[in-house]
Every structure is written in C-alpha cells, then in structure tokens.
2 protein chains.
Amino acid sequence: MSATVLRKRRSTCPLNVALEVFGDRWSLLIVRDLLFKRRHTYRDFAGAEERIATNVLADRLARLEAEGILFKKHDPADARRVLYRLTPKGRDLAPVLVEMILWSARYERTAATPAQIREMTEHKARFIAAAKASS
Amino acid sequence: MSATVLRKRRSTCPLNVALEVFGDRWSLLIVRDLLFKRRHTYRDFAGAEERIATNVLADRLARLEAEGILFKKHDPADARRVLYRLTPKGRDLAPVLVEMILWSARYERTAATPAQIREMTEHKARFIAAAKASS
DNA sequence: CCGGATCCGTTTCGATACTG
DNA sequence: CAGTATCGAAACGGATCCGG
C-alpha cells in the first residue's frame, strides 16, 4: 500500500488541490495530533482513539512527508526514537482544522466543551498562534 | 453504492466527526459548486472539471442530504428540474472551504488569481457572507 | 520494543454502459 | 436528465510478521 505516496495533481482548482493532498479520513487527524495533542510518534498516532490501521498510518505519514507537510527527525534525547514534526506548510493547516472543529461543535454532537469553543471562536488568531508555537 | 448513506459516528472528537461527514475527495467539491459557482443541478456537478463519476455523485448527494447539508427542491420555473440547495448547516462550511483554498493558493500551484486571494484574505468575513447570501 | 511491511478478505471507488 | 448496474481496480481493516 505504501506505494501510493505521491498522487499526481489532476486539477488546479485550489480546493481540489487541497483535497488531493489531505481529502481523506486520516491525514488531518495526524496533523491534529501534531498540532494540538503533542503526539509525535508512530505509536502516538496509532494509539489515538480513531484507531487507524498501521498500514494506513504508514501510508499517510509517507504521503504527508512527500507533500512537505511533516518530516521525520530522530529524538535528540533517544536516537532510536523517531519523531514526526510539522513543517511550516503543515502548521498552516491550523486554520482549516479550527474551522472544521468549530463547524462540528456547532452542528454535531461532539466532546468539545463550551469553554474550548468560546476560546477558539473569540480568540481564534491567538489560539492558532499558540498551537503553531507549541507544535 | 448509494446504500452507503448514513455512516454511524465512531468518535465524538470534533475534527473526526467533521471528517466522518465530509472527509472524502468529493463532498466539499459539491458544496463549493453550490456556494461559489452557482451550480445547482446534478448535471452541473457532473460537468465540473473534476469529473466525478455519476454513481459517486449520486451517493454523495444522498449522503450530504442525509447529513442535513443540502436538500432537493423542484425548480419553481420548471418543475421537471431538480435543484440542490444548501441548508444553513451547509452554508456554514464556507469558512472551512475558504481556509482550504487559501492554504492551497499559498503552498500549491493553483489557478487562483492573486486578486481573488487578496480579496479572500483581506475581506474574509465579507467574502464568506457574500457567498452564503448568493448561494 | 518501535516503526513499519506483508497478507488477505472486505469495502469503496471510478469508468462506463444502461434505464425510467 | 437523473440517476442505477456492473465490474475491475484501488483502498481499507485487521492480523501478523520483521528488521534494527
């Protein structure tokens, strides 16, 4: 499966380009883990509640790396351990994620608390900056 | 295929809920057509440059209708014709689309013009309001 | 152990042909 | 025109295996 690394672009419509990069069930969940949940290892992603299959996870990590959204790095504290980190391009997906989260919280039953939503709504720019800085 | 209409929620994480609703290659392109391109019929969607297959299109329309994002309506001017329209819930996806478009325009080669991007960036709220109003 | 790769049965996709 | 039917290809998922 991990042969599916770099899909070729078939359209230059901006929305379609974005969907060709991360328009699937899993890619943005990995970005979320990196941006908001301080998860940085393969095990962290695999252990997330959505239970992505390991082969799909490996495929998405390779794809996101090929797209320049994240990169691999050895843990300076333990060279055996591999850490995944967002590039600036990956961090700039934060506004997309925030809008998706706000939409869900408004229209679907979710686990987001009103306080979290209020913070994200009223101080959106600050929230995004903080997520980028801490990721 | 159109048996796959309502997927059951497997998580209450807000981002994951959003991805369960429209986390695929096609759903948001239909919303884009309705919001920004004044396309409202099956033929309009099928004729878009991305060339969605008709069976997938029928499935996504049914799914988005089941999710309360759009609804069908007979054209008042020609009762034989079926029009698709966004609900308020569907129109509120506009900020998600805008952020995705801005991200693509920034990091990928797209057909968006600098003037369009500047308008969407500098007058984001106005742009979104206009799209909602005209959809 | 950790970070995957491989297998394999099932589901979904995508292209095209077809139909009420 | 607005979808269905069909069918091969691709993706998914779960389990297991493997190299460092």
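Only heavy atoms go into these numbers, but all of them, side chains included; no hydrogens, no water, no symmetry mates. Each chain gets a letter, A, B and so on, in the order its sequence line appears, and its residues count up from 1.
The ring-ring contact (aromatic ring centres under 6.0 Å, His included) check on A:Trp26 picks up nothing, with sequence neighbours excluded. The ring-ring contact (aromatic ring centres under 6.0 Å, His included) check on A:Phe36 picks up A:Phe127, with sequence neighbours excluded.
Rounding to whole angstrom units, CD of residue B:Glu65 and P of D:dG3 are separated by 9 Å. The interatomic distance linking A:Leu57 (CG) with D:dC12 (P) rounds to 12 Å, in whole Å. Residue A:Leu70 contributes atom CG, which lies 14 Å from atom P of C:dG3 at whole-angstrom precision. In this structure, B:Leu83 places its CG atom 13 Å from C1' of D:dC1, rounding to the nearest Å. We find that CZ of A:Arg60 is positioned 9 Å from C1' of D:dC12, with the value rounded to whole Å. Rounded to whole Å, atom P of C:dT12 lies 12 Å from atom CG of B:Asp24. At whole-Å resolution of the value, NZ in A:Lys72 and C1' in D:dG20 are 13 Å apart. For the pair B:Ile52 CD1 and C:dG14 P, the interatomic distance rounds to 8 Å; values are reported in whole Å.
Within the structure, salt bridge (charged side-chain N to carboxylate O under 4.0 Å, His left out) pairs that include any residue of residues 36-45 of chain B comprise B:Asp33-B:Arg39 (at least two apart or interchain). Residue pairs satisfying the salt bridge (charged side-chain N to carboxylate O under 4.0 Å, His left out) criterion with at least one member in residues 45-54 of chain A, sequence neighbours excluded, are listed as follows: A:Arg32-A:Glu50.
By the 4.5 Å heavy-atom criterion applied to side chains, B:Arg118 and B:His123 are not counted as neighbours.
The base of C:dA15 is not paired with the side chain of B:Thr54 by any donor and acceptor separated by under 3.5 Å. The base of D:dG3 does not come close enough to the side chain of B:Asn55 for any donor and acceptor atom to sit less than 3.5 Å apart.
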Give the table of side-chain donor-acceptor pairs shorter than 3.5 Å for residues 68-75 of chain A, with sequence neighbours excluded, one pair per line with atom names and distance.
residue, atom, partner, partner atom, Å
A:His74, ND1, A:Ala79, O, 3.0
A:Asp75, OD1, A:Ala77, N, 2.8

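Distance from the side chain of B:Ala53 is smallest to C:dG14 among C:dG14, C:dC13, D:dG13. When the nucleotides D:dT4, D:dG13, C:dG3 are ranked by their closest atom to the side chain of A:Trp26, D:dG13 comes out on top.
Near-neighbour residues of DNA chain D inside residues 37-51 of chain A, defined by a heavy atom below 4.0 Å, are absent.
Salt bridge A:Glu108/B:Lys89: present, at least one basic N to carboxylate O contact under 4.0 Å.
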